[in-house]
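Okay, structure first, notes after.
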Amino acid sequence: MSDNVYKSRDIWRAAFKSALPVMCGYVPLAMAFGLLMNYAGYGAPDSGAMSLIVYAGSSQFMAARMLASGAGMLEIALAVFFLNARHMAYGLSLLDDYARAGRHKFMMMFELSDEAYALLSAHGAPKGMDVAEYNFRVQLLCQASWIFGSVLGGALGMVLPINTKGLDFSLTTLFITILVDQLRSNENRLPALIGALCALIMRFVMPDNMMLGGMVLLLVILMLSRCGVEAHTGGKCA
């Protein structure tokens with residue numbers, strides 16, 4: 001089956017079906033972010049603008065807390081940069097897809113999130129479908145749902161008195177759910193075990209930057225042991 005068999009609406013339909021679980025999770029999570037922004041003194045337009053321009057999930061939650069505490073913009077920008085530096089590590093596995101993405105390349109790089117990465121790495125495009133067009137639509141739908149939830153949460157926060165305590169943990173719960181689902185569907189769980197070990201090591205070696213250190217260590221180990229990891233499930237090392 002060739003790529004041109006699929007029309008644009010078919011690609012949108014397939015992308016929507018794949019992105020739906022994350023979209024359903026993103027809307028209430030982004031609403032929580034909008035509520036936190038409202039608590040920090042910012043309205044629905046501010047929440048929507050940050051989700052459009054920054055779109056960084058956990059970093060946005062962190063930024064909302066820092067804004068509420070009176071932190072400066074430079075401090076917030078640096079904190080967001082270091083927290084999002086992990087994308088440079090696991091985004092390397094998508095370089096081939098980005099190279100073939102044409103006009104969507106830079107937008108796809110910008111829209112890469114933890115949950116979108118989990119979707120794209122676990123569920124590929126249907127056979128014969130243009131991979132770049134499919135991946136672009138999956139990521140676009142994810143961001144659109146995040147923006148929608150951010151604006152909705154910010155609007156609700158402006159008219160209803162809502163207790164925001166504990167809302168910043170909601171994004172973590174979604175990622176754990178996706179991780180568990182990915183572990184169930186993937187025969188090779190060795191990379192996940194190595195990642196857990198790297199995080200545990202960095203928890204003691206550099207606790208202030210555990211996530212970044214763990215991702216770098218994981219990347220180095222996986223690059224050096226790629227053949228052994230692939231052989232774990234009978235794969236061949238190219």
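For the numbers below, each heavy atom of this structure counts, side chains included, while hydrogens, waters and symmetry mates do not.
For the atom pair CD (Gln139) and CZ (Phe136), the distance works out to 9.0 Å, reported to the nearest 0.5 Å. The CD1 atom of Ile147 sits 4.5 Å away from the CG atom of Leu52 when rounded to the nearest 0.5 Å. Rounding to the nearest 0.5 Å gives a distance of 7.5 Å between CG of Leu112 and CG of Leu120. Rounded to the nearest 0.5 angstrom, Phe61 CZ and Leu36 CG are separated by 6.0 Å. Atom CG of Asp130 and atom CZ of Arg100 lie 10.0 Å apart (nearest 0.5 Å). Remark: His104 NE2 to Glu111 CD distance equals 10.0 Å, nearest 0.5 Å.
Contact record, Ala44 with Gly154: CB-C, 3.8 Å, taken as the closest heavy-atom pair. Heavy-atom minimum distance, Ala40 versus Ala64: CB-O, 3.8 Å. Taking each heavy atom of Ala63 and Val80 in turn, the nearest pair found is CB-CG2, 4.5 Å.
Between Trp146 and Phe33, the two ring planes are parallel [angle under 30°; tilted spans 30° to 60°]. Classified by interplanar angle (parallel below 30°, tilted 30° to 60°, perpendicular above 60°), the ring pair Tyr55/Phe110 is tilted.
Residues passing the salt bridge (charged side-chain N to carboxylate O under 4.0 Å, His left out) test with Arg103 are Glu133, sequence neighbours excluded. Under the rule for a salt bridge (charged side-chain N to carboxylate O under 4.0 Å, His left out), Arg203 has no partner lying at least two apart in sequence or in another chain.
Using a 4.5 Å heavy-atom cutoff, the side chains of Leu67 and Met73 are in contact. At least one side-chain heavy atom of Gln60 sits under 4.5 Å from a side-chain heavy atom of Ser51. Taking the side chain as every heavy atom from C-beta outward, Leu140 and Met108 never approach each other to under 4.5 Å. Taking 4.5 Å as the limit, some side-chain heavy atom of Met129 sits within range of a side-chain heavy atom of Ile11. Counting heavy atoms from C-beta on, the side chains of Ser59 and Phe81 never come closer than 4.5 Å. Residues Met31 and Val27 are in side-chain contact: their nearest non-hydrogen atoms beyond the backbone lie under 4.5 Å apart.
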Problem - Met23 vs Glu115, side chain to side chain contact (heavy atoms under 4.5 Å, CB included): CA-CA, chis, key distance, verdict - result: CA-CA 10 Å; Met23 294 170 64; Glu115 293 75 21; over 6 Å; no

Practice task
Check the pair Lys7, Asp10 against salt bridge (charged side-chain N to carboxylate O under 4.0 Å, His left out), reporting the backbone distance first and the verdict last.
Solution key: CA-CA 5 Å; Lys7 297 181 179 179; Asp10 299 320; over 6 Å; no

Problem - Evaluation steps, side chain to side chain contact (heavy atoms under 4.5 Å, CB included), between Val151 and Ser47 - result: CA-CA 6 Å; Val151 175; Ser47 301; 5.8 Å; no

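Side-chain N/O atoms of Ser18 and Arg13 include no donor and acceptor closer than 3.5 Å.
With hydrophobic clusters built from ILVMFWY side chains whose heavy atoms lie under 4.5 angstrom apart, Val205 does not share a cluster with Leu200. When hydrophobic clusters are built by joining Ile, Leu, Val, Met, Phe, Trp and Tyr residues whose side-chain heavy atoms come closer than 4.5 Å, directly or via intermediates, Leu20 is grouped together with Leu141. Phe204 and Val220 sit in two unconnected hydrophobic clusters of ILVMFWY residues. Membership requires side-chain heavy atoms under 4.5 Å apart, directly or through other members.
Looking only at distances, a side-chain donor or acceptor of Asp46 sits under 3.5 Å from a matching main-chain atom of Gly43. At least one donor-acceptor pair closer than 3.5 Å links the side chain of Ser145 to the backbone N or O of Cys142.
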